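Numbers restart at 1 for each chain; the letters A, B, ... are given by sequence-line order, proteins then strands. Note that the coordinates shown come from a computational prediction; the quantities given were computed from them, not determined experimentally.
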There are 2 protein chains.
Amino acid sequence: MAKKGQYTYEYPHPAVTADCVVFGYDGKELKVLLIKRGAEKEASTTAYVGEWALPGGFLDVERDKTVTHTAARELKEETGLKLGVKDFKEVATFSDIKRDPRERVITIAHYALVKLSDVQADTDADKAEWFSMKDVPSLAFDHDKILRVACSRLRQDIHFEPVGFDLMPEIFTLPQLQNLYESILEVKFDRRNFANKMKHFGMLVEVEDDTPRHGTRTPIKYRFDKENYERLKAKGFQLEF
Amino acid sequence: MAKKGQYTYEYPHPAVTADCVVFGYDGKELKVLLIKRGAEKEASTTAYVGEWALPGGFLDVERDKTVTHTAARELKEETGLKLGVKDFKEVATFSDIKRDPRERVITIAHYALVKLSDVQADTDADKAEWFSMKDVPSLAFDHDKILRVACSRLRQDIHFEPVGFDLMPEIFTLPQLQNLYESILEVKFDRRNFANKMKHFGMLVEVEDDTPRHGTRTPIKYRFDKENYERLKAKGFQLEF
DNA sequence: TAAACTTCGCGTTAATTTTACACAAAATTA
DNA sequence: TAATTTTGTGTAAAATTAACGCGAAGTTTA
């Protein structure tokens, strides 16, 4: 651990953090990963102890290649969830002068999309918890605001990128996919038009899978055709919803 | 001036800057405002002396309310151009560990759109210069990259916001507006379809203006109907191009 | 001064995309 | 076995987008 008062500068410098909004989808609703702020670390200076917050932490000036590396590293440390730098998207910077009561801290918010079914086991249940977007508690710092902005960013991105496929499990059904889109965009689509449009893009591949499903009629299973998507993207095509 | 080594922290802090990509349009081509890096200020530590760069500078930890305030303040100081915080849009954070040779500096890039005809007189010609996007020189630091990213961001934004009207003079013609869209998007539109679409939005108002124009036939003059645009936006409408 | 040329505005038609909507099959429940 | 829920499929109307012809206004050229 570094000694106190070791680092001096000619001009004041702010502290810089990266925060993570990790979205997951369980087939029913959109969820977000939060941590409970503990007093373990720097007890005396830690703020908002016991409150829920977004995972995140300070830029390691000497080691973190970019602030996105900070995001990935802190997410791993705080929740156990290991994501690659490429899995993150930058949302925005939050730099209000009083956003942290201790000192001037600016944060670069990121978001990531994960297949909840794949990672739920990885997340350290002692520290982190998945909350449905519908009942997110009030958060520490300005994290409420960050979450709102991240959501609206996700809503924008979904129009141009197949974000659904990052959130869905490998094998999924059209009704599930539609439900996800409806959850994120908070609208309802016509089932038939949704299916037509999705199939029309040519990114869905039918899969043999006889796992019985809960519902009534058994829907067809699909997987995302990543190669074809990459080909289409290279050609310059537009998703749109 | 502050004494050296006055500000001390328990952990290393990066320096934080805000950089500005200011776009202007002169009726012909898209331009960007650059400054020539001088050795005036902190001579010994200044890097890239004599090279062209984006306007920008260090966050004033004690005074700047947000990094966007930094952007506005520095733009004014370095180019004479006075813009409001609302005129800026955040683009992205650039935080590569070696992007500044002197110390770790992360920068939050912003862009702004201005009516070149209105502000050309305000820009301090000694320090700043407007460059056509077609012949931008190679820039200091990673500013080439920042400019590229800002451009692609502008190209995205133009699909959903009437950015044209921030760049055009108060009174303009449809061919001018079309030229701007074509410059930014690097495509060609059909003159008649472009006009139909634009008029269909209901944001254009015909204006009486008999200033003779250079070309052949004198095109109709318009102005942007801001009130109507706000009304439409409130109702939730989409631009799209 | 007339002819040729360029730029501009208007409107029409064809192609494409989006929207609205009805019915039958599969599985569960009563 | 009948009723109920969920899913899959197709088609016609409506709206939007794309393609395009023409004549008018002004400039340049012969």
Sequence-distant partners of K226(A), side-chain contact (heavy atoms from CB on, under 4.5 Å), two or more places apart: F224(A), E230(A)
Validation row: F141(A), R37(A) side chains within 4.5 angstrom (heavy atoms): yes
Bend angle of the helix from dT1(C)-dA30(D) to dA30(C)-dT1(D), from helix axes over five pairs at each end, nearest 10°: 0°
Any donor-acceptor pair under 3.5 Å from E182(A) side chain to F189(A) backbone: yes
side-chain contact (heavy atoms from CB on, under 4.5 Å) against D118(B), all qualifying residues, sequence neighbours excluded: K115(B)
P219(B) side-chain proximity, nearest of dC8(C), dT9(D), dT18(C): dC8(C)
Note: K36(B)-E129(B) ion pair, threshold 4.0 Å (strictly below): no
Gap between atoms CG and P, on N196(B) and dT13(C) respectively (whole Å): 14 Å
ring-ring contact (aromatic ring centres under 6.0 Å, His included) partners for F201(B), two or more places apart: none
Under 4.0 angstrom between K199(A) side-chain N/O and dG8(D) OP1 or OP2: no
Interatomic distance, L204(B) CG vs dC10(C) P [rounded to whole Å]: 12 Å
Spacing of F201(B) atom CZ relative to dT16(D) atom C1', expressed in whole Å: 11 Å
Rounded interatomic separation in angstrom, taking CE from M198(A) and C1' from dT18(C): 16 Å
Nucleotide nearest R217(B) (side chain, heavy atoms from C-beta), chosen from dA25(D), dA24(C), dG10(D): dA25(D)
Between dC8(C) (P) and E206(B) (CD): distance, integer Å: 15 Å
side-chain contact (heavy atoms from CB on, under 4.5 Å) against L232(A), all qualifying residues, sequence neighbours excluded: M203(A), N228(A), F237(A)
Residues E90(B) and T68(B): side-chain donor-acceptor under 3.5 angstrom: no
Between P of dT17(C) and CG of L239(A), the distance in whole Å: 14 Å
Rounded interatomic separation in angstrom, taking CZ from F194(A) and P from dT7(D): 12 Å
pair F94(B)-K145(B): side-chain heavy atoms closer than 4.5 Å: yes
Short side-chain N/O contact from K197(B) to OP1 or OP2 of dT16(D), under 4.0 Å: no
Members of residues 186-193 of chain B that approach DNA chain D, where some heavy atom sits under 4.0 Å away: D190(B), R192(B), N193(B)
Nearest-Å distance for atom pair CG/C1', residues L177(B) and dC8(C): 15 Å
T218(A) vs dA26(C): side-chain N/O to OP1/OP2 distance below 4.0 Å: no
